[in-house]
Amino acid sequence: MKLPEFYYHNPDVVALSRDLIGKYLFTCIDGDLTGGYIVETEAYAGVIDRASHAYGGRLTPRTQTMFAQGGVIYVYLCYGIHEMLNIVTSSEGQPHAILIRAIQPTEGLDTMLARRGMDKLKPNITKGPGSVAKAMGISRKINAESLQGDTVWIEDRGLTFADEEVAACPRIGVDYAGEDALLPYRFYVKGNIYVSKPNK
DNA sequence: TTACCGATGCTCT
DNA sequence: GAGCATCGGTAAA
């Protein structure tokens with residue numbers, strides 16, 4: 001079943017990032033249903049996190065979605081090419097977000113293959129945040145969309161991973177964040193073939 | 001297997 | 001004008 005609104009109001013974005021591992025993410029874009037379960041996330045902890053777009057309370061046209069009440073998505077363009085999907089959490093004015101870095105696809109494989117321009121299934125179809133967004137049909141057009149609607153949502157289907165199956169380590173590609181780059185805010189399922197980069 | 005590098009455009013200074 | 005929360009191809013080993 002769809003995660004309830006209050007799930008996203010939790011002020012502990014790091015704990016939520018861990019909890020999202022194993023939850024099912026779905027999109028229904030242009031009538032095509034696609035989905036899978038989350039195997040890799042990263043937490044971005046609001047105004048005190050130098051790796052976050054909202055560090056220091058930076059409120060701009062781009063980041064204002066992060067300041068919304070938890071339960072919507074934040075989509076932005078990175079490196080001019082890749083769109084990234086984040087889950088906004090916590091309360092209004094607290095710019096917490098969780099980057100979805102990888103999923104294990106279970107639904108709508110044909111649609112995902114077509115969107116990715118691939119002819120057969122390979123792990124990199126949804127490995128890495130840019131790949132997830134592309135395979136799921138997510139773009140900036142649905143920035144700030146609610147997770148309670150019928151375009152994009154997350155379900156709990158009872159799949160869980162024990163703590164010893166989930167690794168916590170520093171985030172990827174945030175070297176500019178100084179000491180905050182070392183925080184163990186990245187979570188992933190050990191050994192899962194859809195997880196990007198260091199994986200053991 | 002690892003390592004490099006180009007693509008490409010928006011955001012903020 | 002500089003700097004990105006990246007990906008996939010190519011090259012070398």
Side-chain angles (χ1 to χ4, degrees), chain A residues 13-14 16-18 20-21 25 34 36 38-68 70 72-90 94-105 112-145 152 167-188 191-200:
Chain A
V13 66
V14 178
L16 266 189
S17 298
R18 163 65 181 86
L20 279 176
I21 300 290
L25 172 69
T34 52
I38 298 166
V39 297
E40 184 178 1
T41 62
E42 280 181 7
Y44 287 84
V47 299
I48 60 166
D49 181 356
R50 289 179 61 188
S52 171
H53 292 163
Y55 172 63
R58 198 163 49 206
L59 179 57
T60 67
R62 180 177 64 151
T63 63
Q64 71 171 1
T65 307
M66 295 181 76
F67 288 81
V72 301
I73 62 171
Y74 168 48
V75 184
Y76 71 94
L77 184 69
C78 183
Y79 294 110
I81 305 177
H82 306 290
E83 315 216 53
M84 309 265 194
L85 171 65
N86 296 253
I87 309 301
V88 176
T89 69
S90 196
Q94 291 293 327
H96 290 182
I98 300 169
L99 175 66
I100 307 300
R101 291 192 57 89
I103 68 169
Q104 169 137 359
M112 293 200 211
L113 286 168
R115 285 178 183 148
R116 297 277 283 128
M118 297 167 61
D119 54 2
K120 66 183 203 296
L121 186 62
K122 288 181 295 190
N124 68 354
I125 187 169
T126 50
K127 182 193 303 227
S131 303
V132 170
K134 188 162 190 190
M136 300 286 289
I138 289 161
S139 73
R140 283 164 292 158
K141 282 187 301 200
I142 58 169
N143 178 42
E145 190 82 15
V152 52
C169 65
R171 293 169 290 185
I172 307 275
V174 295
D175 294 344
Y176 59 87
E179 292 182 359
D180 289 346
L182 303 175
L183 295 168
Y185 283 2
R186 172 174 176 246
F187 298 92
Y188 62 88
N192 185 284
I193 59 169
Y194 293 98
V195 171
S196 62
K197 298 266 176 115
N199 174 18
K200 50 183 181 193

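All of these numbers come straight from a predicted model, not from anything done at the bench. Chain letters run A, B, ... following the sequence lines, proteins first and then strands; every chain starts at 1.
Side-chain contact check for A:Val75 versus A:Ser139: every heavy-atom pair is 4.5 Å or farther apart. Between A:Val14 and A:Leu183 there is no side-chain heavy-atom pair separated by less than 4.5 Å.
Contacts of A:Arg171 classified as side chain to side chain donor-acceptor pair (under 3.5 Å), with partners at least two apart in sequence or in another chain: A:Asp49. In this view, A:Ser52 satisfies the side chain to side chain donor-acceptor pair (under 3.5 Å) rule with no residue, not counting sequence neighbours. Among residues two or more places apart in sequence or in another chain, the side chain to side chain donor-acceptor pair (under 3.5 Å) test is passed with A:Tyr74 by A:His53.
Toward the 5′ end of DNA chain B lies the nearest nucleotide of A:Gly80, the other residue of the pair A:Arg58 and A:Gly80 mapping further downstream.
In the displayed structure, A:Leu121 atom CG is contacted under 6.0 Å by more than 12 heavy atoms of other residues, nucleotides or ligands.
A distance of 13.5 Å separates CZ of A:Arg101 from CD1 of A:Ile38, quoted to the nearest 0.5 Å.
The heavy-atom pair separating A:Ala168 from A:Pro184 by the smallest distance is CB-O, 4.2 Å. Here the shortest heavy-atom pairing between A:Thr126 and A:Ala135 reads CG2-CB, 3.7 Å.
Counting 5' to 3', DNA chain C first comes under 4.0 angstrom of a heavy atom of chain A and last does so at the ends given by C:dC4 to C:dG8.
Residue-level contact check: A:Arg140 touches the backbone only, with heavy atoms under 4.0 Å from sugar-phosphate atoms and none from bases. Contacts of A:Arg171 with the nucleic acid, taken as non-hydrogen atoms under 4.0 Å apart, are absent. At the heavy-atom level, A:Ser131 lies under 4.0 Å from the strands shown only through sugar-phosphate atoms.
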Annotated protein contacts, base or backbone, on nucleotides 1-6 of chain B with a non-hydrogen cut-off under 4.0 Å, one of B, S, - each = ------
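For A:Thr41 (side chain) and A:Ile98 (main-chain N/O), no donor-acceptor pair under 3.5 Å exists by modelled atom type.
Between A:Tyr55 atom OH and B:dT13 atom C1' there is a gap of 17 Å when expressed in whole angstrom units. When rounded to the nearest whole Å, the span between OH of A:Tyr79 and C1' of B:dT11 equals 14 Å.
Checking each of A:Glu83, A:Arg116, A:Met112 against A:Lys134 for a side-chain contact (heavy atoms from CB on, under 4.5 Å) leaves exactly one that passes, namely A:Arg116.
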Watson-Crick or G-U pairs under 3.5 Å in DNA chain B, rendered as dot-bracket with [ ] for crossing pairs and | for another strand | |||||||.||||.
